[in-house]
Amino acid sequence: MTAEASLAHHARPGTPVASWVGRVIVWLGLGYLVLLLPGAIGGEASLDASQAAIYVLIGLSLHILIGYTGQISLGHQAFVGTGSLVAANVVSTGTSHAAEPVHFGLSLVAAAAAAAAAAVVLGAVALRITGLYLALVTLVFGSVAANAIFSISSLNGHEAGVTALRPASLVTDYRFYLFCLLLIVLVMYVDIQLGKSKTGRALAALQENELVAQAFAVNVMKFKLIAFALSGAFAGLAGALYTYRVQSFSDKNFSGTPGFNLALIFVVMVVVGGLGSRAGVVVASAFFGLIDVLLDLAAKHTFMAQYYSDHKQYVSGLIGALLLLQTVILNPGGLGQVVDPVARWLRGGRFSLHGHGPTSGSRAADVRA
Amino acid sequence: MSVLEVSDLSIRFGGLQALLDVTFKVDEYEIVGLIGPNGAGKTTAFNCITGFYRPDRGHVFYRGQDVTGMPPHRKSAMGFGRTFQNVGMVKSSTVIENLKTAQHASADYGVVSGLVGTGGVRETERRLEQRSDALLELLGLTDVRDSYVGGLPYGTLKLLELGCALATQPDILLLDEPSSGMGPEESHDLGDRLIELRREFDLTMLLIEHHVPLVTRVCDYVYVLNFGQLLAEGAPSVIQTHPEVVAAYLGGEAADALEQTSAPAEEAALAAEEHEAAGYVRERAPAQKKSPVKKVAKKTTKTAKATAKKATAKKAVAAETAAEES
Ligand SMILES: Nc1ncnc2c1ncn2[C@@H]1O[C@H](COP(=O)(O)OP(=O)(O)OP(=O)(O)O)[C@@H](O)[C@H]1O
Ligand SMILES: [Mg+2]
């Protein structure tokens, strides 16, 4: 180990001091971009950034299923929606007063718990199926559950939406955005611990070969359900933030065509990010969370402005489709193949495009089939 | 009380009776061989014992307890360690990760504390890592510690898989053709290793093995399966010369077998020594003084030739199913 480390040290380009200066500059740049820029821009920027943050949470959540467990969920919008609905109804502020911090906290916990429960139900139904049939079952489950539950009029504010004002301390959009970042840190911490614990190893084993996992004493059913529960909990948390971002819950976002579109985007962003690459998924999810904003910005000052605003939903969809295709056909490791080396370098490792894993593409290849 | 007892085990796949009324036992500290031609049902017997298949009929007893319907992960936790015929490891993980995964049952923290990352979890993880490293050292595989399993040569994999099975802290170890992919010398070393491991870990073993010298060397007792049924049982030296066994099992490989067993005297002596050292107690069939293998084999050459054709055909089928499986 020490020999290896010193080898790596020698092979590092440039003097150590110079490369550390480089790292610090990049860290500071990233810190500014993520922490300060949305506040500095003002206007809608913090709201847009919180949308990106929420998508990151959803990406991490879905990655537990697709990346760690090899299960697919085409109904993830239902879990996000469940969280959104539960949070709004638990806190039920009405339109005049801000949420009590206690109620706000409770609503987050309830959202996570409810979505976890919903995910466990789906997981139990889907326990023995994989591949195409699992995709189908989750697709149907997601849209049916969303359409059925979210249309209960006493839960969705009789079609008008349920207002859920943020607590006083998060009343500005920028503060709310920082709160979203805090939750990302929390979820990432849990995600990292997951990877280091027996649960992560059990999931990796059962993803590749259930027989081997069982021979290693892993209760395959149990750990699949744990993955569903954890993924559901994170999705529910993201759903609660979804509600508080716009301070109301509307069933229209999660049911019908918009809901289905969301489900697709969620899967696409995880695959484009790269299965098995946490950093790749984070970057790709943030991108898909911001895609409309970025396109707006790009179109605003060009002759394309009119054309773009007429064809808005097709343009972002097309970009998603193209990114998916290029990932699946040309670059199965996803964005992670580029992001991971950078992330490793930022943590003090050597920069090398050749990851130290068995091509993370080998897992992505399964999605291709 | 036997560590493992199997009674009237039967299982059918469609039109194929893969096992029929198979009864045998493995006593404490024994190394028992399970041999038979390709497709005889050896691996199927393993799968029934370890819970991967549910037998149509019959029972599996572990230290007197009926464990017939128990799911495989619970059997693993209870003390059944096993290897697979075509290597059962997590190929996309590293060697050390595999060894830690195999210790799943002894990672005694809850899932939630694992996610929180408490001090107890870190302590346990350190322990798992130490035990993994100790196993690697024992097997002389420390240099592949951080390699990905997917890229390693087959012989190394078989040995590593044995390490993973040991990592599950088995009471009884079921090994499916551990010497496949190994040369004669490596498989000789494997014999030494198995005997050493038994002593070190107080193990009982059930061994599926085609390599005759290895069976004669390490096994205290041997059961022979043929077409899903028990054909013969006895001490290795007896089985080796059992005419029916020679005809059925060694059929297509009679010439091979002759060659392989051409120096059985010292091997047998060594085995006997080991058995005594092991305090081996099972009543053995009266031992034959000199190995009459050659004579019997010669006598059966005719029969062997006749069955040779059949055997090659069967082998081809077995190879195909193996290919399908993988
Ligand atoms: N799951 C299954 N479904 C259908 N047939 C099976 C199954 N498992 C085993 N068989 C069949 O049962 C028979 C016994 O197979 P088994 O793998 O137990 O043989 P074996 O003695 O281990 O042979 P080998 O020495 O080739 O490994 C074979 O004909 C095989 O094709
Ligand atoms: Mg077999």
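Proteins come first, then strands; the chains are lettered A, B, ... in the order of their sequence lines, and each starts at number 1. Predicted model, so just to flag it, every value in this text is computed and none were measured.
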Is there side-chain contact between F216(A) and C164(B), with at least one heavy-atom pair below 4.5 Å?
-> yes

Considering only heavy atoms from C-beta outward, does the side chain of V190(A) approach that of V116(B) to under 4.5 Å?
-> no

Would one find more than 12 heavy atoms of other residues, nucleotides or ligands at under 6.0 Å from atom [atom1] of [X]?
| X | atom1 | answer |
| --- | --- | --- |
| E129(B) | CD | yes |
| R63(B) | CZ | yes |
| R128(A) | CZ | no |
| R127(B) | CZ | yes |
| Y154(B) | OH | yes |

Checking heavy atoms, do the side chain of N219(A), its backbone, both or neither come under 4.5 Å from chain B?
-> both

Which answer fits L194(A), side chain, backbone, both or neither, if we ask what part of it has an atom under 4.5 Å from a heavy atom of chain B?
-> both

Rounded at 0.5 Å granularity, tell me how far [atom1] in [X] sits from [atom2] in [Y].
| X | Y | atom1 | atom2 | answer |
| --- | --- | --- | --- | --- |
| M221(A) | H73(B) | CE | NE2 | 8.5 Å |
| T101(B) | K198(A) | OG1 | NZ | 12.5 Å |
| L211(A) | T50(B) | CG | OG1 | 9.5 Å |
| S93(B) | R201(A) | OG | CZ | 10.0 Å |

Side chain, backbone, both or neither: which part of T168(B) has an atom under 4.5 Å from a heavy atom of chain A?
-> side chain

Whatever's closer than 4.5 Å to a heavy atom in chain A on K75(B) counts as neither

Quick one: of P72(B), A102(B), A165(B), who has the most non-hydrogen atom pairs under 4.5 Å with chain A?
-> A102(B)

Pair count under 4.5 Å, heavy atoms only, with chain A: among M78(B), R145(B), Q103(B), K100(B), highest is K100(B)

Salt bridge (Lys or Arg N to Asp or Glu O under 4.0 Å) with R122(B): which residues, sequence neighbours excluded?
-> none

Quick one: list whatever passes side-chain contact (heavy atoms from CB on, under 4.5 Å) with V121(B), sequence neighbours left out.
-> Y109(B), S113(B), T118(B), E125(B)

Measure across A217(A) and A105(B) and return the closest heavy-atom pair with its distance rounded to 0.1 Å.
-> CB-CB, 3.9 Å

Who among K196(A), Q214(A), E208(A) has the most heavy-atom pairs with chain B under 4.5 Å?
-> E208(A)

Return yes if some donor-acceptor pair links the side-chain N/O of S76(B) with the main-chain N/O of A215(A) below 3.5 Å, else return no.
-> yes

Could you go through the side-chain contact (heavy atoms from CB on, under 4.5 Å) check for L230(A) and V111(B) one step at a time?
-> CA-CA 11 Å; L230(A) 202 58; V111(B) 169; over 6 Å; no

Taking the six-membered ring for Trp, are the ring centroids of H104(B) and F223(A) within less than 6.0 Å of each other?
-> yes

